[in-house]
Enquirer: 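Can you read through this structure? Questions will come right after.
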Protein chains: 2
Amino acid sequence: MSADPKGKAGARPTPKPMQLDDVSKAIIEQLQADGRRSYAEIGKAVGLSEAAVRQRVQKLTDSGVMQVVAVTDPMQLGFYRQAMIGIRVAGDTTKVAEALGRISAVDYVVLTAGSFDMLAEVVCENDDDLINLLNKEIRAIEGVQSTETFVYLKLIKQFYNWGTR
Amino acid sequence: MSADPKGKAGARPTPKPMQLDDVSKAIIEQLQADGRRSYAEIGKAVGLSEAAVRQRVQKLTDSGVMQVVAVTDPMQLGFYRQAMIGIRVAGDTTKVAEALGRISAVDYVVLTAGSFDMLAEVVCENDDDLINLLNKEIRAIEGVQSTETFVYLKLIKQFYNWGTR
DNA sequence: AGTGAAACGACCGTAGA
DNA sequence: TCTACGGTCGTTTCACT
């Protein structure tokens, strides 16, 4: 979940960018709309044979540019409270971030520059769960100095990315 | 991208939760690992026939619990700067949030309660792009009073969700 | 990096427990 | 809700461009 695919830990895993042509971009768009769409169908949409589509998808996934995965809707699973938590830390931020990552209700952790040392997104069933998560788990981590909670009211836009390692 | 599947705008789209058994959870885990895994293969892993897996996946996607999609790595596409931006607004927050959503460099917008009215995640090629995005696009939106930027240093954990509508 | 063809395997509807 | 089965379509490999 946080292991880099290759190279030393802490090193930039990909110093090289990657230039995608319009066809590869179109293929990615097809799979962003539906990750299980068949290669043949994508081929029809982008004007390529299925074999060619498959080769390009293989290359895109092998090189780590793209990934096809299942994503779930927390609301539909009974997690009615989501929030982003800004956290200020004393000492080593990495240890705190990793401790946060071990909490299952925490689905996103990123180290940041700015008035917070890190941001953590959490998923809870209700307000009581959120209070417990904050007091008993997050603020109990050694080194956590203060937290600021931004409860989610409504999602306006979401586009799936991964990376920033 | 922000249209609710059914029901009046602003209404809770799913007042009912959903109870998943262990088999459905296992199927979701399989697809979280690889969204293109075949139904037959998943069936072997979870101890079910191919048709049964297919039926359950259909139900999970139709009900909106799960979605299989492609996600891309911004770093591999040359976007070396990511940041979360906390925004304070005067007046109607929805209009500002929708204006943010129309900016392609903005991949995530959520209305929040707390010291920010909304959070926006942005993806940029470099620091100059980020400065331009902030000054020329985000802070130029009518109603934006102040912004606070948290530049991403390192992603520690990521788990894919969608929803909170 | 692309196509085309043939063998194989996955997918889908239907029937039945 | 599951398994079983047959028709159809997608995928894979390979030879070729």
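These numbers come from a predicted model, not from an experiment. A, B, ... follow the sequence lines: proteins, then strands. Residue 1 opens every chain.
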Enquirer: Please state how far atom CZ in B/Arg54 lies from atom P in C/dT14, giving the value in whole angstrom units.
Expert: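 The distance from CZ of B/Arg54 to P of C/dT14 comes to 12 Å, rounded to the nearest Å.
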Enquirer: 5' to 3' on DNA chain D, which nucleotides open and close the contacts with chain A (atom under 4.0 Å from a heavy atom)?
Expert: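 Contact span on the strand: D/dG10 to D/dT13.
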Enquirer: Hey, which sits more toward the 5' end of DNA chain C by its nearest nucleotide, A/Ala51 or A/Arg36?
Expert: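 Result of the comparison: A/Ala51.
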Enquirer: What I want to find out is whether B/Arg81 reaches B/Asp127 closely enough, with some N-O distance under 4.0 Å, to be called a salt bridge.
Expert: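 Judged by the 4.0 Å cut-off on N to carboxylate O distance, B/Arg81 and B/Asp127 do form a salt bridge.
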Enquirer: Using atom CZ of B/Arg37 as one end and atom P of C/dC11 as the other, report the distance to the nearest whole Å.
Expert: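 So the two atoms are 13 Å apart, to the nearest Å.
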Enquirer: Roughly, in whole Å, what's the span from CZ in A/Arg56 to C1' in C/dT3?
Expert: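 Going from A/Arg56 (CZ) to C/dT3 (C1'), I get 14 Å.
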Enquirer: So among A/Glu29, A/Lys59, A/Arg56, which one has a side chain to side chain donor-acceptor pair (under 3.5 Å) with A/Ser24?
Expert: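 Going through the options one by one, the only one that passes is A/Arg56.
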Enquirer: Calculate, to the nearest 0.5 Å, the distance between atoms CD1 and CG belonging to A/Ile27 and A/Asp22 respectively.
Expert: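 Rounded to the nearest 0.5 Å, the CD1-CG separation comes out at 11.5 Å.
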Enquirer: Quick one: is the NZ or CZ of A/Arg36 closer than 6.0 Å to the six-membered ring centre of B/Tyr39, and within 45° of its axis?
Expert: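 Yes, A/Arg36 sits over the ring of B/Tyr39.
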Enquirer: Can you spot which of B/Met118, B/Lys95, B/Glu142 makes a side-chain contact (heavy atoms from CB on, under 4.5 Å) with B/Val89?
Expert: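 The residue from B/Met118, B/Lys95, B/Glu142 that satisfies side-chain contact (heavy atoms from CB on, under 4.5 Å) with B/Val89 turns out to be B/Met118.
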Enquirer: Which one of A/Ile138, A/Leu119, A/Thr112 satisfies the side-chain contact (heavy atoms from CB on, under 4.5 Å) criterion with A/Ile87?
Expert: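 So, applying the side-chain contact (heavy atoms from CB on, under 4.5 Å) to A/Ile87 and each of A/Ile138, A/Leu119, A/Thr112, only A/Ile138 qualifies.
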Enquirer: Between B/Gln58 (CD) and C/dG13 (C1'), how many Å, whole number?
Expert: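 Distance, rounded to whole Å: 12 Å.
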Enquirer: With heavy atoms under 4.0 Å as the rule, sort A/Glu41 into base, sugar-phosphate or nothing.
Expert: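 Answer is nothing: A/Glu41 stays at 4.0 Å or more from every strand.
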Enquirer: Would you kindly give the CG-to-C1' distance between A/Asp21 and C/dA1, to the nearest whole Å?
Expert: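 A/Asp21 atom CG is separated from C/dA1 atom C1' by 11 Å.
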Enquirer: Round to the nearest Å and state the distance from B/Ile42 atom CD1 to C/dA10 atom C1'.
Expert: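 About 12 Å, once rounded to whole Å.
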Enquirer: Under 4.0 Å, counting only non-hydrogen atoms across every strand here, what does B/Gln55 touch: a base, just sugar-phosphate, or nothing?
Expert: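 The residue B/Gln55 makes base contact.
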